[in-house]
Structure formats: structure tokens, C-alpha cells
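Structure first, commentary second.
All residue numbers refer to positions in the sequence shown, counting from 1. Given the structure is predicted, the values throughout are model-derived calculations rather than measurements. Hydrogens, waters and symmetry mates are skipped; everything else that's a heavy atom, side chains included, is used.
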Amino acid sequence: MNNLNDPPNWNIRPNSRADGGDGSRWNYALLVPMLGLAAFRWIWSRESQKEIEREREACRQRTAAFQRDLEAKYHTVISENRRAVAHLSLELEKEQNRTTSYREALISQGRKLVEEKKLLEQERAQVLQERRQVQPLRSAYLSCLGQEDDWQRRAGLLLKDVEGALSERQSIYCSLLLPRGRRLEIEKNLLVRASTDPVAADLEMAAGLTDIFKHDTYCGDVWNTNKRQNGRLMWLYLKYWELTVKLKKFERVEKAILEK
């Protein structure tokens, strides 16, 4: 076996010595280890290459898995961020709508308060105007009311005297011992006063006294000593005259105001 690239002494030449076969045997003896070494190196290189390819494939698979995991996490984070942004956008829109509603409500309330203030000012001005108009009438009313106090005082005294006289007259009427002439005298005096007293004339007391003298025949128990338990019609007339005094007072005040 010859190698043209090697020096002459390195080539294997089977027939280098024509006189003997020792050189050929040594050449073949060196050839076997060299072939074994070359085969080992070839096998080792091939196995190493396979191992490198396996490691490279495993590294590629780990890198691809890691990349897929990163992409999945990236998409998950992006989705969560998008959901969070959407939720925050919705909440922000709600808050903006709520703020707008509050602002509109406050504006409406402010306008309403302004209108109510205007109405109150108008009512106040109207009340003040009415008060200024009523003030003279009030002064006139108080003046007339003071003037009528004297008439009411005299009417009260008249009613008190008439009540006492009627109570005495009814007691005599119900008594079996007291003289009838005294009762007639009391009745006569009452009718005379009703005809001559201006207050009694205003109350038209004469007609009522006549009705009492004719029809009030009620008497209490035989042993009764309380004069207020005798008579019925007389008490009705006395209450009627008392109410008439109050009514006449205000009627006279009203008439005096209207005449001014």
C-alpha cells in the first residue's frame, strides 16, 4: 500500500528486500495496529458525533419547551392585563357616569334652591306689603276694641245683676213661704231696666225676660237650698246673652272699622 504524499521511507513496500521476507512481515505488523487505531478513532468520532447530536437535540427540545412555556406565560399575562384594563375601564366609566349624575343633581338642586329663594323673597315682599296695608287696620281695630271694652264691662255688670235677680225671682217662685208680691216686684224691675238700659236694649233682653216669666216653672227638690238648681230657661237665656255680648263686641268693632 503506497501513499504518494508520504516520504519514501514511510511507504509500505512488500518487496523492498529481494533477498528475504522480514521487511514485508514488519510492514504488515505495523499496519494492523494502525488500522485498529484508525477504526477506533473512526468509531469514537462517530459515537461522539451521535452523542453531540443527541445533546444538541435535547438542548433544542429544552429550548423549544422553555420558549413555549415563556410564550404561554406571556399570553397569560397579556390576557390578565387586558382583563384588568377592561375592568378598570368599566369601573372608570361607571365612576364618570356617577360623577356626571351627581354633578347634574347638584346643578338641578342649585337651580331649585335659587327658584325657591326667589319665591321666598317674593312671598316675603308680599307679606311685608300686606303688613304695611294691614297696619292701619290693626291700629284702628285695637282702638275700636279699646273703646268697646267699656260697653263690654257694662254688659257684664248687667248680666251679673240680671242673673242675681232671676235667681232670687225663681227661688221665690219655687218657695211656698215667700210672698208672691216680692216676685212680681222683681219681674217689674227687670222689665223696666231692660227697657231703659241701652246695653239691655242692644241685647233685646225684654223679650227674653217675658218668655222666662211665662214659661220657666222648673223647681228643684222641696228641700233644695241651692238657687242654681231652680229654673232652666233662665240659664239658657243667660248663656245666650253672654255669647251675644261677645258677638256684639266684634260686630261693633267691625262696623266702626268699615265706617272709617
Side-chain angles (χ1 to χ4, degrees), residues 120 122-260:
L120 290 175
Q122 293 176 359
E123 292 178 358
R124 180 175 179 273
Q126 184 177 358
V127 168
L128 292 176
Q129 183 179 0
E130 291 178 354
R131 182 181 297 177
R132 286 192 295 268
Q133 294 175 353
V134 170
Q135 188 65 32
L137 295 177
R138 182 175 181 273
S139 300
Y141 171 76
L142 294 176
S143 177
C144 294
L145 198 62
Q147 294 175 4
E148 293 301 322
D149 285 341
D150 181 64
W151 181 88
Q152 188 177 18
R153 181 183 58 79
R154 290 189 288 113
L157 293 175
L158 173 64
L159 290 177
K160 186 176 181 180
D161 293 343
V162 171
E163 180 181 349
L166 287 176
S167 297
E168 185 179 358
R169 178 258 172 195
Q170 198 69 16
S171 296
I172 296 173
Y173 178 84
C174 296
S175 176
L176 300 177
L177 302 176
L178 297 177
R180 180 173 177 270
R182 175 59 182 161
R183 176 175 63 84
L184 296 176
E185 182 180 357
I186 293 173
E187 293 177 357
K188 179 180 178 182
N189 293 334
L190 286 173
L191 291 174
V192 170
R193 186 171 182 180
S195 302
T196 57
D197 193 310
V199 177
D202 290 340
L203 298 176
E204 299 178 354
M205 190 174 288
L209 290 173
T210 302
D211 190 23
I212 292 172
F213 298 155
K214 288 182 179 180
H215 301 99
D216 196 349
T217 59
Y218 180 80
C219 296
D221 189 78
V222 176
W223 308 107
N224 174 47
T225 59
N226 187 357
K227 295 181 179 181
R228 299 189 66 84
Q229 292 183 1
N230 294 325
R232 284 184 176 175
L233 186 60
M234 56 175 283
W235 299 111
L236 293 177
Y237 267 104
L238 287 170
K239 186 63 177 178
Y240 167 74
W241 289 329
E242 181 181 355
L243 296 175
T244 303
V245 167
K246 295 180 181 179
L247 178 61
K248 288 286 185 181
K249 174 184 177 180
F250 291 104
E251 288 180 348
R252 290 162 65 90
V253 170
E254 181 182 5
K255 181 179 179 182
I257 292 175
L258 294 177
E259 288 177 352
K260 291 185 177 181

Quiz item: For the residue pair Ser175 and Leu178, what are the closest heavy atoms and their distance?
Solution: OG-N, 3.4 Å
Practice problem: Could you tell me the separation between the SG atom of Cys174 and the CG atom of Asn230, rounded to the nearest 0.5 Å? | Solution: 4.0 Å
Exercise. Could you list the residues that satisfy side chain to side chain contact (heavy atoms under 4.5 Å, CB included) with Thr217, not counting sequence neighbours?
Key: Tyr173
Quiz item: Would a 4.5 Å heavy-atom cut-off, applied to side chains only, mark Leu209 and Met205 as touching?
Solution: yes
Give the table of side-chain donor-acceptor pairs shorter than 3.5 Å for residues 190-197, with sequence neighbours excluded, one pair per line with atom names and distance.
unit_1: Arg193; atom_1: NH1; unit_2: Asp161; atom_2: OD2; d: 3.1
unit_1: Arg193; atom_1: NH2; unit_2: Asp161; atom_2: OD2; d: 3.3
unit_1: Ser195; atom_1: OG; unit_2: Leu191; atom_2: O; d: 2.9
unit_1: Thr196; atom_1: OG1; unit_2: Val192; atom_2: O; d: 2.9
unit_1: Asp197; atom_1: OD1; unit_2: Val199; atom_2: N; d: 2.8

Self-check item: All side chain to side chain contact (heavy atoms under 4.5 Å, CB included) counterparts of Ser167, not counting sequence neighbours
Solution: Glu163, Lys227, Met234, Trp235
Quiz prompt | Trp151 to Lys248 - nearest heavy-atom pair and separation | solution = CH2-CB, 3.5 Å
Quiz prompt | salt bridge (charged side-chain N to carboxylate O under 4.0 Å, His left out) pairs, two or more places apart, involving residues 199-219 | solution = Asp202-Arg252
Practice problem: For residues Glu242 and Val245, determine if any side-chain heavy atom of one lies less than 4.5 Å from a side-chain heavy atom of the other. | Solution: no
Quiz item: Should Leu166 and Phe213 count as side-chain neighbours, where that means a heavy-atom distance under 4.5 Å?
Solution: yes
Exercise. Calculate, to the nearest 0.5 Å, the distance between atoms CG and CZ belonging to Leu159 and Arg154 respectively.
Key: 12.5 Å
Self-check item: pair Trp241-Val162: side-chain heavy atoms closer than 4.5 Å
Solution: yes
Exercise. Report the residues that fulfil salt bridge (Lys or Arg N to Asp or Glu O under 4.0 Å) with Arg183, sequence neighbours left out, ordered by chain and then residue number.
Key: Glu187
Quiz item: In terms of ring plane angle, is the pair Tyr237 and Tyr240 parallel, tilted or perpendicular, where the classes change at 30° and 60°?
Solution: perpendicular
Practice problem: For Arg182, enumerate each residue passing the side chain to side chain contact (heavy atoms under 4.5 Å, CB included) test, keeping only those at least two apart in sequence or located in another chain. | Solution: Glu168, Ile172, Pro179, Glu185, Ile186
